[in-house]
Amino acid sequence: MTQDHSRYILHVAVPRPLRTLLSYTCADESAPKPGSRVLIPLGKQHAVGLVIRVETAPPEDADSRFTLKPVEAILDTTPLPDAHLLELLQWGARYYHHPVGEVIFSALPVALRKPKPLSSRLQKLLGRYEAPSLAPVERNHLQLTDEQQQCLHSIEQWNLQAPLRPILLHGITGSGKTEIYLRLIAPLFAAGKQVLVIVPEIGLTPQLLLRFAHFFGDTPMACLHSALSDGERMKAWLQARSGEARIIIGTRSAIFTPAPNLALIVIDEEHDASLKQQEGFRYHARDLAIKRAQMLNIPIIMGTATPSLESLYNADTARFHYVRLNQRPGTTRKPDLQIQDTRPFELQAGLTPHSLQAIRTTLARGEQVMVFLNRRGFAPALYCPSCGWQASCQHCSVKMTWHARRNKLVCHHCGAEQATPLRCPQCQNPQLTTQGQGTERLELALQTHFPAAVVVRIDRDSTSRKGELEAKLATVRSNDPLILVGTQMLAKGHDFPNLTLVIILDIDQSLLSTDYRALERLGQLLIQVAGRAGRADKAGKVILQTSQPDHPMLHQLVGHGYTPFARQLLEDRKRWHFPPFGYQALIRASSTASMEKALQFLEQISQLLIVTDGADIQRLGPIPALLEKRANRYRAQLLLGSQHRAALHAALLQLLNPSVKLPGRSGIRWSVDVDPIDFS
DNA sequence: AGCACGCCGACT
DNA sequence: GTCGGCGTGCTC
């Protein structure tokens, strides 16, 4: 391999789990620009890599340790991610300690992993794209309330100040956060700018798109989410990259969409856990969005009815601007929250007599009821009353859920299914019994108890077929009296004007959980679900059923509202140096062989830390994960914490240093999760 | 992630 | 003697 004719050295991110760039020579007259793809030799294979840095080759071979290989082809003449996006992606790779090539290629449309130049067909398609009118279509603008007007004014003032700070918009459900977004976006169109809007779930996207379309007329928008085909995704991505799509709406991965004229980022429901990727490159879209806005020096606004403790703390310490919307236009009445002690009662259909009575009177008034239970299936356990046998998953350390409709046992962790056994496999007893209840059983019980009522169940099982969810939502929107039964799916977004009673079941587990984030999540969920009750002129009522009615935090939430509740939780976090008062990284390991192997592996990592670092790193573990076994892998974890982000960062860098050889890694899979939010 | 290399057990 | 098992290490 001679370097005689090489003019450039290219530093390339490759689609492999490597934490470094690889270097190649290039003999071409002009060098590829950073952000272009190149075809490279990689071992005995060929692969598509992305040029990160270009250097002029030294005049003579400077006796380097390697003889560099030449690139095989340059695939792009224009960069795919621009310089700014490349910088963001590299920052993300460093911050989350994830291989740079995987970060970059997970941010690009999959079509670009193939060694084909951007097709001329797509370029033509874009060339023919009709240039939209720049002026927003003024129609059907709601008059802003005084509160909204003031809020908008504050935000506009802040966005004129330097340095810019992220804005936290804390607005109760129905207070009109979207209206604020729209008004902030409007003037940007006149200037030919682009706006990126990140939403937690695809389910919320069509609604928001309609709202935007209604407000802005025929503004070209691009929509990016996981349900798109590769072609659709590519098209939306190219339209954003060309600057033609003016509004880009998408789920978390849309934070990596190129947008040359980006002027504002909106994060809707900033507290939502689905903004954090839970596999592979475990980034938080909100945090990367803040970084992106900072790099571009453009405003970012984060809206929610229930701010994450992190964001609330950032507002308290003036890292964020903070503004509230406390009123619901069109109604003055707040929902009435009640705690129902379940202990004194024999429950029917899982409900107390008081809850049943409330349902009856609500239906009689011609209004709708929602019963929220975050557990699908008929029953979470099937067991034998005579010998105590329980149906558990072969591959995971969990009980299987019995589904009545399909008459099957299903594992909600690995998806394994089994026919319902006719008799106990242990003692042959034919009388197997279920224990506990899920939405399927709740639906049946409510239907039995209220035979004349319409009961609609909305969960993953009852809405898996195409169009099913839409049909059910349409039924609810007819505003006829009915009982709505459902899981988490119901907690977000949907507007049901005639819904005036919400009953929330089975919150005990969260109240008693050892996960320090469980209470924060419960508070957010309760407020979000309660926000579904009582719209327009109808007062809403929310009943929380629990066997822990004296739990102080529950009283705090119900008695004083979300903010005092969150501040109380922040006090606890401060005492324990938990985030946001400290920083954490979770190292997970799993083994097909045994729990012992996974723990041993993490123990070695822990030992390494003792040697390399001393004082400032706290360790919890290694311990078996909450879910000890999943899909035939034994899972363990090691939690690292520090008061100083830099110290934690340095410790992780030491561990991941390629010179550190971790022995006995056969059959071990492991990963690093920086700023973890899920500890299962 | 792929892929090759290498070091041990059972086979035509 | 070799075929192939997977444990280990490398990819410019």
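Only a predicted model underlies this, so the values are computations on that prediction, with no experimental measurement involved. Any value given below was found using the heavy atoms of this structure, including those in side chains, with hydrogens, waters and symmetry copies removed. The sequence lines fix the lettering, A, B, ..., with proteins before strands; numbering per chain opens at 1.
Summarising the local packing, CD of Q509(A) is surrounded by 12 or fewer heavy atoms from other residues, nucleotides or ligands at distances under 6.0 Å.
Atoms CZ (F281(A)) and C1' (dA1(B)) sit 18 Å apart, rounded to a whole Å. Straight-line distance from the CD atom of E102(A) to the P atom of dA1(B): 7 Å, rounded to whole Å. Here dT11(C) presents its P atom at 9 Å from CG of L18(A), a figure rounded to the nearest Å. Following rounding to the nearest Å, R19(A) (CZ) and dA1(B) (C1') show an atom-to-atom distance of 13 Å. The distance between atom CD1 of I52(A) and atom P of dC12(C), rounded to the nearest whole Å, is 17 Å. Here dC12(C) presents its C1' atom at 5 Å from CG of L22(A), a figure rounded to the nearest Å. In this structure, I668(A) places its CD1 atom 14 Å from P of dA1(B), rounding to the nearest Å. In this structure, R16(A) atom CZ and dA4(B) atom C1' are separated by 13 Å, rounded to whole Å.
D675(A) and Y95(A) form a side-chain donor-acceptor contact under 3.5 Å, judged by distance and modelled atom types alone. With no hydrogens or angles considered, a side-chain donor-acceptor pair links Q607(A) and E603(A) at under 3.5 Å.
Within the nucleic acid shown, P41(A) comes within 4.0 Å of sugar-phosphate atoms alone, with no base atom in reach, counting heavy atoms only. Residue-level contact check: I40(A) touches neither bases nor backbone, having no heavy atom under 4.0 Å from any strand.
Among E269(A), R286(A), E520(A), the single residue meeting the side-chain hydrogen bond (donor to acceptor under 3.5 Å, both in side chains) criterion with S308(A) is R286(A).
The side chain of K69(A) places an N or O atom within less than 4.0 Å of a non-bridging phosphate oxygen (OP1 or OP2) of dC12(C).
When each of dA4(B), dG2(B), dT11(C) is scored by its nearest atom to the side-chain atoms of Q45(A), the top-ranked nucleotide is dG2(B).
Summary of the strand contacts: K44(A) and P17(A) both lie near DNA chain B, and taking for each the nucleotide with the nearest heavy atom, the more 5' one is attributed to P17(A).
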